[in-house]
Amino acid sequence: MFRNQYDTDITTYSPQGRLHQVEYAMEAVKQGSASVGVRSKTHVVLATLKRFASELSGDQKKLFAIDDHVVIAISGLTADARVLSRYMRTETQHHKFMYEEPMPVGRLVLQVADKCQISTQRASKRPFGVGLLVAGVDENGPHLYQTCPSGNYFEYLAMAIGARSQSAKTYLERTYTTLADADVEALVQAAVTALRETVASSKDTELSAKNTAIAIVGSDGAPVRILENAAVQPYIDALDSTPSAADDDDDDEDEADAPAATPAVAPDAPAAAPEGGSPAGGDAPAEEPPANGAADMQT
Amino acid sequence: MDALGLLRPAASVSGLPAAHVPHAASGFALGDHAGRAPAAPAEGPGVVASASSGPLQRRFEPYQNNGGTVLAVAGKDFCVVASDTRLGLGYSIPSRKVSRILKMTDKVVLASSGMQADMMTLHKTLRMRLVKYQQNHQKDMSLTAASQMLSNMLYTRRFFPYYTFNVLGGIDEKGEGWAYGYDAIGSHEKVSAVCSGTGQTLIQPVLDNQIEFKQQWGAPKVDLSLEATVELIRDAFTSAGERDIYTGDYVEICKITKDGVEVEEFQLKFD
């Protein structure tokens with residue numbers, strides 16, 4: 001994407017019918033560190049890679065619990081994400097106050113998407129520079145959604161956003177059919193394995209307990225769980241035995257007891273019929289927006 | 001306690017409405033009738049409305065008192081919050097089992113008597129604020145924080161109060177048990193034992209005497225155990241239920257210790 005004369009103003013279309021400022025906002029999402037989401041019949045898991053501003057600093061928060069039944073992972077401008085998470089928290093509490101029930105996840109995501117869209121149609125605003133993976137459970141079961149700065153949103157069985165997320169998406173495309181029936185531990189391991197793909201080709205970054213954060217929400221009625229630091233270690237350790245697409249880094253951390261989890265790659269597993277993901281219907285499951293931003297906005 | 005405590009000319013039972021002076025219910029409503037005044041104005045007792053007050057008008061009465069008694073008694077390292085479950089309206093009983101208690105955290109419990117509608121809305125609003133606090137601070141609200149927040153919330157409605165008489169009880173951050181009593185607009189005080197509602201005048205003196213050892217000269221002040229406190233509270237409710245028509249049916253007792261909140265229930269007379 002290069003500069004052209006139609007990209008200065010959010011309210012100016014290009015002759016090809018594109019809003020370049022919105023596409024540039026989506027570039028900001030791609031600059032953020034990776035977030036991965038996977039969904040089974042009963043649970044949704046988010047795995048995120050935390051970035052450190054410097055060696056001296058603490059980590060950048062990637063996971064925000066919204067209510068007992070919803071949690072989000074962010075990639076992009078963290079300050080914009082804070083605004084959206086505050087909005088989501090208020091809306092879920094308000095819904096609970098009004099209707100004495102947890103807010104349906106799709107309704108919440110729709111409201112967030114509408115909020116993002118508003119700032120793509122005002123001359124005085126700029127688009128939100130953050131993409132969310134929204135994991136939640138309601139009476140229709142577990143859901144995983146992705147939101148964009150454009151105001152679009154999609155439902156997925158598995159998805160990754162942020163830097164080098166294409167590697168994770170490639171891995172998930174190969175393995176997503178095994179997710180539906182996976183138990184919680186296997187699902188978490190699948191998410192972490194997919195996350196590992198985003199750093200597999202990097203020489204100086206590898207997944208560790210320090211830079212990985214995991215969130216789990218399920219239809220068992222238990223509130224959202226966020227795992228960090230020591231709680232994440234077993235899943236990092238179990239990675240050693242899982243082959244990766246790229247060359248693996250040698251890991252000399254102590255082998256802790258890995259949870260009884262099968263690696264997600266199981267070519268001869270019976271392929272459970274993937275459920276239709278998108279509420280619009282007709283979309284194939286695990287379909288992701290094309291890397292080309294134009295088609296994305298025209299969906 | 002009066003919500004606004006305004007003195008006004010007495011309204012008779014025959015149904016003549018009061019003059020236009022704005023007021024909140026200063027006692028019980030007999031049905032939906034405007035309440036009685038506690039003292040007579042300068043014109044003399046029994047005057048319905050003076051000519052100088054202007055024409056007689058019927059006003060919408062936004063409040064009603066649904067009765068009920070709530071109390072909180074704190075021990076050294078525990079607190080017990082209890083309330084009856086009767087919903088009264090005039091001489092009727094719309095429900096024998098409504099809960100007046102909100103478990104705010106594992107260490108803090110609120111009980112409110114007064115108007116049921118205001119109580120429910122207050123509790124719902126408090127629940128929202130508790131979640132918000134937990135998300136922003138990554139921890140539950142402490143007893144002291146909750147006590148101040150409740151006071152602030154009540155005072156923001158200073159000029160159209162929640163018609164609720166609250167007691168808050170729990171364990172503070174040091175592990176000590178404490179109770180707080182409130183008026184309708186948020187004035188609060190940290191105490192060892194407090195009672196509110198229609199049975200307040202019957203029970204509070206007993207708590208003063210038995211928990212705080214007031215008016216007992218030379219008697220050793222002992223800390224009551226949790227079991228002894230619950231026994232005392234049971235007796236207090238059974239006795240209050242005898243004399244106060246608005247207290248009865250069931251009693252909900254919440255025992256707050258460092259291990260959390262345990263709820264038990266027992267039955268009072270249904271009359």
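FYI, side chains are in, hydrogens and waters are out, and symmetry mates aren't considered; it's all heavy atoms of this structure. Order of the sequence lines sets the chain letters (A, B, ...), proteins ahead of strands, with each chain counted from 1. For clarity, every value in this text was computed on a predicted model and none was experimentally measured.
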Worksheet item: Which members of residues 113-127 of chain B, sorted by number, sit under 4.5 angstrom from chain A on a heavy-atom basis?
Response: Thr121(B), Lys124(B), Thr125(B), Arg127(B)
Does [X], at its [atom1] atom, have more than 12 non-hydrogen atoms belonging to other residues, nucleotides or ligands within less than 6.0 Å?
X	atom1	value
Arg129(B)	CZ	no
Glu139(A)	CD	no
Phe270(B)	CZ	yes

Item to complete: Taking all heavy atoms of Gln135(B) and all of Ile66(A), pick out the closest pair and write down the distance.
Response: NE2-O, 2.5 Å
Worksheet item: CE of Met128(B) to OG1 of Thr92(A): how many Å apart, nearest 0.5 Å?
Response: 10.0 Å
Worksheet item: Under the salt bridge (Lys or Arg N to Asp or Glu O under 4.0 Å) rule, what pairs show up with a residue in residues 216-234 of chain A, not counting sequence neighbours?
Response: Lys50(A)-Glu228(A)
Worksheet item: Is there a donor-acceptor pair closer than 3.5 Å between any side-chain N or O of Gln93(A) and the backbone N or O of Val131(B)?
Response: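 Checked: no pair found.
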